[in-house]
2 protein chains.
Amino acid sequence: MRVVCMRCGRERAGDELRCPRCGGPFTVIVDFQYREKVRENFPYIRRWISLGEGNTPLVEVEGVKFKLEFLNPTGSFKDRGSAVLISALAERGVKRISEDSSGNAGASIAAYGALAGMDVEIYVPETARGGKLRQIEAYGARVMRVSGSRDDVAKSAERSGAYYASHVWRPEFRDGIRTLAYELVRDLGKAPAEVYLPTSAGTLLLGVYAGFKHLLDSGVVDRMPTLVAVQTEQVRPLCAAAKGEEYKPPGKVTSIADALVSTNPPLLPEMAEVVRTHGDCVWVTDGEIERAWRWLARRGLLAEPSSAAALAGYWKRGGGEDSVVVLTGSGLKAL
Amino acid sequence: MRVVCMRCGRERAGDELRCPRCGGPFTVIVDFQYREKVRENFPYIRRWISLGEGNTPLVEVEGVKFKLEFLNPTGSFKDRGSAVLISALAERGVKRISEDSSGNAGASIAAYGALAGMDVEIYVPETARGGKLRQIEAYGARVMRVSGSRDDVAKSAERSGAYYASHVWRPEFRDGIRTLAYELVRDLGKAPAEVYLPTSAGTLLLGVYAGFKHLLDSGVVDRMPTLVAVQTEQVRPLCAAAKGEEYKPPGKVTSIADALVSTNPPLLPEMAEVVRTHGDCVWVTDGEIERAWRWLARRGLLAEPSSAAALAGYWKRGGGEDSVVVLTGSGLKAL
């Protein structure tokens, strides 16, 4: 397994979180032919810590195709990443992990960490509330409340003394998202023309990109889909960066899309590169998200508002019939 | 499609809810060879109203196999029944339906009814609260609060003027549960030795039984699994009926297993017959359920307490390694 810095190409020597030369994020190099059996595309995992993630339904409703990622075991696509990251850490003998997220990533890491028998500490802002936090606690993770900024919360998790199982920085997490691209091609029998992805920290966008790139390099598909990142009016650093626009984040994010909050994502340069070369970025208002959420719920699809943003983006951009809208997180957590 | 009374064998002439001769429940006769493509085992459905139900994960944790039915589209196994019932009703041109349930069945019928473009009225006790009720509302169903007993709520739904899409009485709903048996055999490559099923109104028990019977009659499996109905200390009319014990329901059900509340299920004679001939019944205490719920959650499986009862039943009865424990409903609704 080769892991290199996405910015300067330096190889990861051990378990460094960031490149010691340039501070960049690492990525897993996928340098082998695609294999039909999904798990064989992760040769560095021998024993899987799995809750049955993946193989989510692809359904078509009124001409729009939806990938129901909210039906993953903990209610979000993050489980694809957690399965791979936690399996990799379990093989390395890691017993105690930390993560910073009061949302879907925190819940997912807490669940897979619990399954692996690890001690899990989830660092959250002291103001965090709601169903996702109670879900994290249900899995038995220790919730550590931190005052200060979101960056302060991340720093506490990183310096906790436990292994920092960051879903943003650890390349194995992002690498696990490749399976979503494999499944879309299997479901459709070909690559979709466009994939609409709610985008915040960028693990979904970059992971799906890596999966399609692997399929393309292996000759399984003959085109890269247009990967459409969907952001909110308030939190759209990627749209701004990709299009060279100015963007000033609000003092406080109040959007109903409460999982799309990364105003300054660490992986922004890599995300912007994918959008510029293989994709697009579109942002939507709270009103548009609410309309999309309601449209979905009134057809039996209970996603979280942040996921409904993908449909709002599809509408706004005028997506075609060969498009797939990814519904990332469950609406049951916010009832 | 032949539909007959389970008690006197009289054929259903039109759309009667109960047998006009004896008042018994109807059942769908499955009189053809099992077909590999699951949907072909429902020849009376031509156009499926589907949210991607079924194909739920089977995972093994510490030697116990769990079928994760809580990962169905609305968070419970009921979606298997709703898909078939609502598809059948849509083909008959039904536009307005009623149902009585403030729980998983109400949410599931509301979602599938919404997808089919039907007006849905869900009748609930006036004291009903909680995540499941908010889920029903999110799907756009009209919630009708009824004072009085649980029977009064059912009567209001039946007499509403809308088509009464009762998950208990309509045979197409129970018939849809057959798919769970098909999947278990596909997942395992053979019939399991025992299946542990939380049991209240009995649609799961009777539907799974019908599926295995179909496989057995078709020569696909060579044995009928032992179907173990799991009930609670407070609500155990089936265990009592099957074993000839006395049972007096409590004045008020206070168990944490709040989906297992049928103290006097209409299908009790049919359920007792299945238990006597092909199964067993075991009841568990709230303490045992709580222990099972916690065990599951601490391993990343967030089921509702009523579902954890199945694991408690497995422990109490001493289930073997060829057993499957069915986790019926999502813990996310009660966060």
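By convention in this document, chain letters (A, B, ...) are assigned in the order of the sequence lines, proteins followed by strands, and residues within each chain are numbered from 1.
To the nearest 0.5 Å, atom CG of residue B/Asn72 and atom CG of residue A/Leu71 are 8.0 Å apart.
Atom CZ of A/Arg145 sits in a crowded spot, with more than 12 heavy atoms from other residues, nucleotides or ligands closer than 6.0 Å. Heavy atoms from other residues, nucleotides or ligands lying under 6.0 Å from CD of B/Glu36 number 12 at most. Within a 6.0 Å radius of CZ in A/Arg186, other residues, nucleotides and ligands contribute more than 12 heavy atoms. For A/Glu321, the CD atom sits in a loose shell: 12 or fewer heavy atoms of surrounding residues, nucleotides or ligands are nearer than 6.0 Å.
Using a distance-only test at 3.5 Å, with no hydrogens or angles considered, no donor-acceptor pair links the side chain of A/Arg299 to the main chain of B/Ala111.
Using a 4.5 Å heavy-atom threshold, the side chains of B/Asn55 and A/Asn55 count as separate.
With a 4.5 Å cut-off on non-hydrogen atoms, A/Phe66 does not touch chain B at all. Contacts between A/Tyr112 and chain B at a heavy-atom distance below 4.5 Å are absent for every atom of the residue. Heavy atoms closer than 4.5 Å to chain B are found in the side chain of A/Ser330, but not in its backbone.
Annotation for A/Leu335 and B/Arg134: closest pair C-NE, 3.1 Å, computed over non-hydrogen atoms. Scanning both residues, B/Trp293 and A/Ala138, for their nearest heavy atoms gives CH2-CB, 4.0 Å. Listed here is the closest heavy atom pair of A/Gly52 and B/Pro57: O-CG, 3.4 Å. For B/Arg298 against A/Glu137, the heavy-atom pair with the smallest separation is NH1-O, 3.8 Å. Contact between B/Gly300 and A/Ala114 at its shortest, heavy atoms only, is N-CB, 4.4 Å.
Of residues 92-101 of chain A, not one residue has a non-hydrogen atom less than 4.5 Å from any non-hydrogen atom of chain B.
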_Determine whether B/Leu301 and A/Leu51 satisfy the following criterion, side chain to side chain contact (heavy atoms under 4.5 Å, CB included), listing intermediate values before the conclusion._
CA-CA 8 Å; B/Leu301 295 171; A/Leu51 291 166; 3.8 Å; yes
